[in-house]
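Step one of this worksheet: look at the structure below.
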Amino acid sequence: MFESQEYITIKKEELLEKTAPLFKSGHRLVQICCTKLPDKLIMDYSFDKDYKFIDYRIELPLEGASLPSITGIYFAAFTYENEIHDLFGINVIGNALDFGGKFYRINETAPFNKVVKKEVKNA
Amino acid sequence: MPNRTVIPFGPHHPVLPEPIHLDLVLEDEKVVEAIPNVGFIHRGLELLCEKKPFQDMVLVAERICGICSLVHGIGFVNGVEKIMNIQVPERAEMLRVFWSELSRVHSHLLWLGLAADGIGFESLFMHSWRVRELVLDIFEETTGGRVIFDAIKVGGVKKNINKETLDRILKQLEKVEEEYRQIADVFVNDFTIAHRWSGVGLLTKEQAITLGAVGPTARASGLAMDTRMIKYGGYDKITMEPIVETAGDCYARALVRVREVYQSFDQIRQAISKMPEGGETEAKVTGFPTGEYFSRVEQPRGEVIYYVKGNGTKYLERFRVRTPTFANIPPLVQMLAGCDLADVPAIVLAIDPCISCTER
Amino acid sequence: MSDILKMCKTVVSSLRKKPFCQMYPFKPAKFYDHTRGHIKLDASKCILCSLCAKRCPTGAIEVDRVKGSWQINRYKCIMCIECVVACPVKPVKALAVENQYAPPMAKMEMEMFDVEVKKPAPKPAAAPAASTPAE
């Protein structure tokens, strides 16, 4: 048995105004996930209340992407946003607890977004 | 204004088997603020999906963590089976429930031992691990491994258990439960344990919701949230209620785990009684995964999320894991603010930190 | 006061029992039928088909069909038993799971088994001849 899930695509500017009502109605932040596709990055913001799964999706360009931080609403988002900054190189603006790229102690910058850059150079 | 001191806690500390670092800002003996620091051993396992076929990723998922390895595997195959529309045979589903509840018993017994060790109760630590050894023997008998089980595959399970062995396991479980009852009695009633943990590391229900606490940490704060209630896998045939404590301190977290072990014993018996006789243990897997799914399963430590996205090839496009400890770091920061320096190890242990999960 | 003595019942009762631990090197370890210790090759049965090396998720197995050698890197092997499942030799498989763990090694090196290369001389000549009339 599987729960049904739908993914609602919203614009980057709408993120904060969509998230704030969820905070007021007592949803918890389940996770923030970034996915690299060949031509774009996809951000998933998942929330949950009483086992009802809500997912907001934002599409971002591959390089030089930036996002508003939701740590002003959900403080718990700081771990996910630092992770996404370190692994995908997305600039998160206004993170309440910003590690400045030192959340993961890795040698490379944005390793999860790297393969695409190589392909672009070759082409 | 009193002087502020910053004391580094970890990455090497007697109560921590794994590296997590906390910068504790102190005013006298009180912690004002704690800044967490993970990422010492980041492994980048999520990128391995570009090199390994999706069937082999089960092996990677099971090796993310050493304690809840089987439930990691179930989380991954659940997502893949959803996007490939595979109907898992009923016997395989019940075997998965059986093993995942058995691993909850073994993980909670491990935690109870470690927590007793963390507060200096050595004999209780030894006895908890003695009982855990009996559970590990059942695992070795049925799957062949003591820590890494390798029993799950996409479409079913790799190992089957015959009827005589199941009957013997039921008898063995009665013995384990009797031994466990003596230890649980100490955790529930002993004065020293209640004195050490009561009122330490408070987290209210509202904070648990807004900071996204999961698992026993959330349930100890009165939040009735157990991902098994979404009835994934074979759990639609198992009756259960989330176990909730309302105090929200370290003692409540221990009590939730103590009671969850009894619940798991009950669920193991349900799974064995509802297991159909004979029948297939694996479904045929054809084609490659296409689509995406957030698979949510309940680990001993809380809710784990597997995001799988397939693009019609044998390699997955994205494989992401959100482990329970990663979600429990913000509540940990909240609990540490305002506590005594001497309580920090007890509070860090109370969320059952598994850093190797977090550094996947 | 009685609250503090809760643990005493368990502690005192364990005084009368034998130690729970086994004296390992002096008494043999307890194994079950399924226990995954290490992979063992029966060199006399191996046909050097290298299916095990292809199936291995970590690349621990190397097969040389010309020289007739079958090597396994014990440090890479994760005991998933995919190679044993994949082995096509019938009726008894050439690969088997042994309960005992692999012995400790001082150096990180491949463990090598020499396999006799069986010359499939008559078969390649016969196979094309059989397939041409079918076409």
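We use all heavy atoms of the structure for the numbers below, so side chains are in, but hydrogens, waters and symmetry mates are not.
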More than 12 heavy atoms of other residues, nucleotides or ligands under 6.0 Å from CD of B:Glu280: is that the case? no
C:Thr58 and B:Lys52: CA distance, side-chain angles, deciding distance, side chain to side chain contact (heavy atoms under 4.5 Å, CB included) verdict: CA-CA 10 Å; C:Thr58 57; B:Lys52 303 265 177 217; 5.5 Å; no
Need one label for B:Phe187: side chain, backbone, both or neither, based on atoms under 4.5 Å from any heavy atom in chain C. neither
What part of B:Glu62 is in contact with chain C, defined as an atom under 4.5 angstrom from a non-hydrogen atom: side chain, backbone, both or neither? neither
Leading residue by heavy atom contact count with chain C [cutoff under 4.5 Å; candidates B:Met126, B:Arg146, B:Arg130]: B:Arg130
Among B:Val60, B:Leu124, B:Asp137, which residue forms the greatest number of heavy-atom pairs with chain C at distances under 4.5 Å? B:Asp137
So for atom CE, which belongs to C:Met23, do other residues, nucleotides or ligands contribute more than 12 heavy atoms lying within a distance under 6.0 Å? no
So, for B:Phe149 and C:Arg36, which heavy atoms are closest and what is the spacing to 0.1 Å? O-NH1, 3.0 Å
Roughly how far apart are C:Glu82 CD and B:Leu59 CG, rounded to 0.5 Å? 6.0 Å
Take a 6.0 Å sphere around NZ of C:Lys17 and say whether it holds more than 12 heavy atoms from other residues, nucleotides or ligands. yes
Residue-level contacts of residues 25-34 of chain C with chain B, using a heavy-atom cutoff under 4.5 Å: C:Lys30, C:Phe31, C:Tyr32, C:His34
Checking heavy-atom separations under 4.5 Å from chain C, one finds in residues 151-184 of chain B B:Lys158, B:Lys159, B:Gln182
